[in-house]
2 protein chains.
Amino acid sequence: MDVLWAERSPLTAREVGRLIADRDLAPTTVMTVLDRLTRKGFLTRVRDGRAWRYEPAASRDAYIAELMLEALDMTGDRSAALTRFAQAVSGTEAEVLRKALTELEEE
Amino acid sequence: MDVLWAERSPLTAREVGRLIADRDLAPTTVMTVLDRLTRKGFLTRVRDGRAWRYEPAASRDAYIAELMLEALDMTGDRSAALTRFAQAVSGTEAEVLRKALTELEEE
DNA sequence: GGCGTAGTACTACGTCCCGTAGAGGGAGGG
DNA sequence: CCCTCCCTCTACGGGACGTAGTACTACGCC
């Protein structure tokens with residue numbers, strides 16, 4: 001669903017339908033989906049003549065980060081979960097995390 | 001659902017029903033839920049006489065960490081999402097992460 | 001030894017979300 | 001004036017989930 005969408009950064013309208021013509025969906029289907037995503041706050045829409053122009057409300061990365069935080073909220077012991085997580089990521093990704101944290105510290 | 005369950009570490013059977021008597025659910029309801037959680041791999045069950053004894057398949061923390069990794073898998077750019085995440089956690093939690101990563105490095 | 005009780009498996013029903021789509025309305029162009 | 005485009009509203013099938021009932025089995029007591 002959002003997969004299709006969240007990838008392309010530029011804003012668009014029902015051109016989305018053109019972009020995913022391979023799945024040949026009814027035009028209304030695409031509209032319904034965009035509409036529902038908007039209702040859920042994943043997309044933002046702006047009028048453009050009689051059509052709408054949709055835009056992601058947040059970057060994909062921000063959305064993912066939010067999902068991760070949401071998962072984290074489900075536990076009582078956030079530290080334990082975080083530690084677990086740190087242990088679970090691969091070496092290179094641990095490196096990325098470390099770097100991000102370091103930069104954070106420097107600000 | 002798992003909320004009730006995943007909190008208590010010790011293993012149990014239909015005593016779960018006793019433990020959540022406040023929600024006064026039919027005994028069968030509790031059983032069905034435990035059964036479904038087992039099917040989905042969240043719980044492990046062992047025979048104990050004619051009854052079953054349920055036990056979490058993974059610790060809550062491990063489960064949360066897994067959820068976070070799952071979210072991370074949804075992006076194309078894992079590094080970007082990780083960086084975002086690192087920036088999003090609160091200061092104290094960033095500290096926890098840093099510590100976990102450092103210990104990881106030392107091993 | 002039969003009968004109540006505890007525990008299990010199987011099935012069901014309402015609800016909600018999601019992917020898909022159709023039917024109907026307003027607005028611009030030929 | 002009609003056609004086309006795009007929008008809104010409503011719908012339907014499927015799957016998950018929370019809740020629960022029914023049917024079967026095995027203990028154990030009297």
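Numbered from 1 within each chain, the chains take letters A, B, ... in sequence-line order.
Note: CD (B/Glu15) to C1' (C/dG7) measures 12 Å, nearest angstrom. Atom C1' of nucleotide C/dA9 and atom CH2 of B/Trp52 are separated by 11 Å, given to the nearest angstrom. When rounded to the nearest whole Å, the span between CG of B/Leu37 and C1' of D/dA16 equals 12 Å. Between the CG atom of B/Asp35 and the P atom of D/dC17 there is a distance of 13 Å, rounded to whole Å. Summarising the geometry, the separation between CG on A/Asp24 and P on C/dT20 is reported as 10 Å, rounded to the nearest angstrom.
Between A/Arg18 and A/Glu15 there is no salt bridge, since no side-chain N of the basic residue sits under 4.0 Å from a carboxylate O of the acidic one. The pair B/Glu93-A/Arg78 meets the salt-bridge criterion, since a charged nitrogen lies less than 4.0 angstrom from a carboxylate oxygen.
Of the listed nucleotides (D/dC9, C/dT8, D/dG21), D/dC9 has the atom at the smallest distance from the side chain of A/Arg39. Comparing atom distances between the A/Arg50 side chain and each of C/dG7, D/dT19, D/dC6 picks out D/dC6 as nearest. Which of D/dT19, D/dA20, C/dA21 sits closest to the side chain of B/Arg36 comes down to D/dT19. Out of C/dG22, D/dA20, D/dT8, the shortest distance to the side chain of A/Arg47 is found at D/dT8. Among the nucleotides C/dA9, D/dT8, D/dA20, the one closest to the side chain of B/Leu25 is D/dA20. Comparing D/dA20, D/dT8, D/dA16 against the side chain of A/Thr28 picks out D/dT8 as the nearest.
In this model, the phosphate group of D/dC17 is approached by a side-chain N or O of B/Lys40 to a distance below 4.0 Å at OP1 or OP2.
Within 3.5 Å, no donor on the side chain of B/Arg23 pairs with an acceptor on the base of D/dT19, nor the reverse. You'll find a donor-acceptor pair under 3.5 Å spanning the side chain of A/Thr32 and the base of C/dA21, going by distance alone.
Contact check for A/Asp35 versus A/Arg45: side-chain heavy atoms found under the 4.5 Å cut-off. Residues A/Tyr54 and A/Thr12 have side chains not in contact (no heavy-atom distance under 4.5 Å, counting atoms from C-beta outward).
Residues B/Ala26 and B/Phe42 both approach DNA chain D. Their nearest nucleotides, taken by heavy-atom distance, put B/Phe42 toward the 5′ side.
Within 4.0 Å (heavy atoms only), B/Arg18 reaches sugar-phosphate atoms of the nucleic acid but no base atom.
B/Leu43 is connected to B/Ile20 through a chain of hydrophobic side-chain contacts under 4.5 Å among Ile, Leu, Val, Met, Phe, Trp and Tyr, so both are in one cluster.
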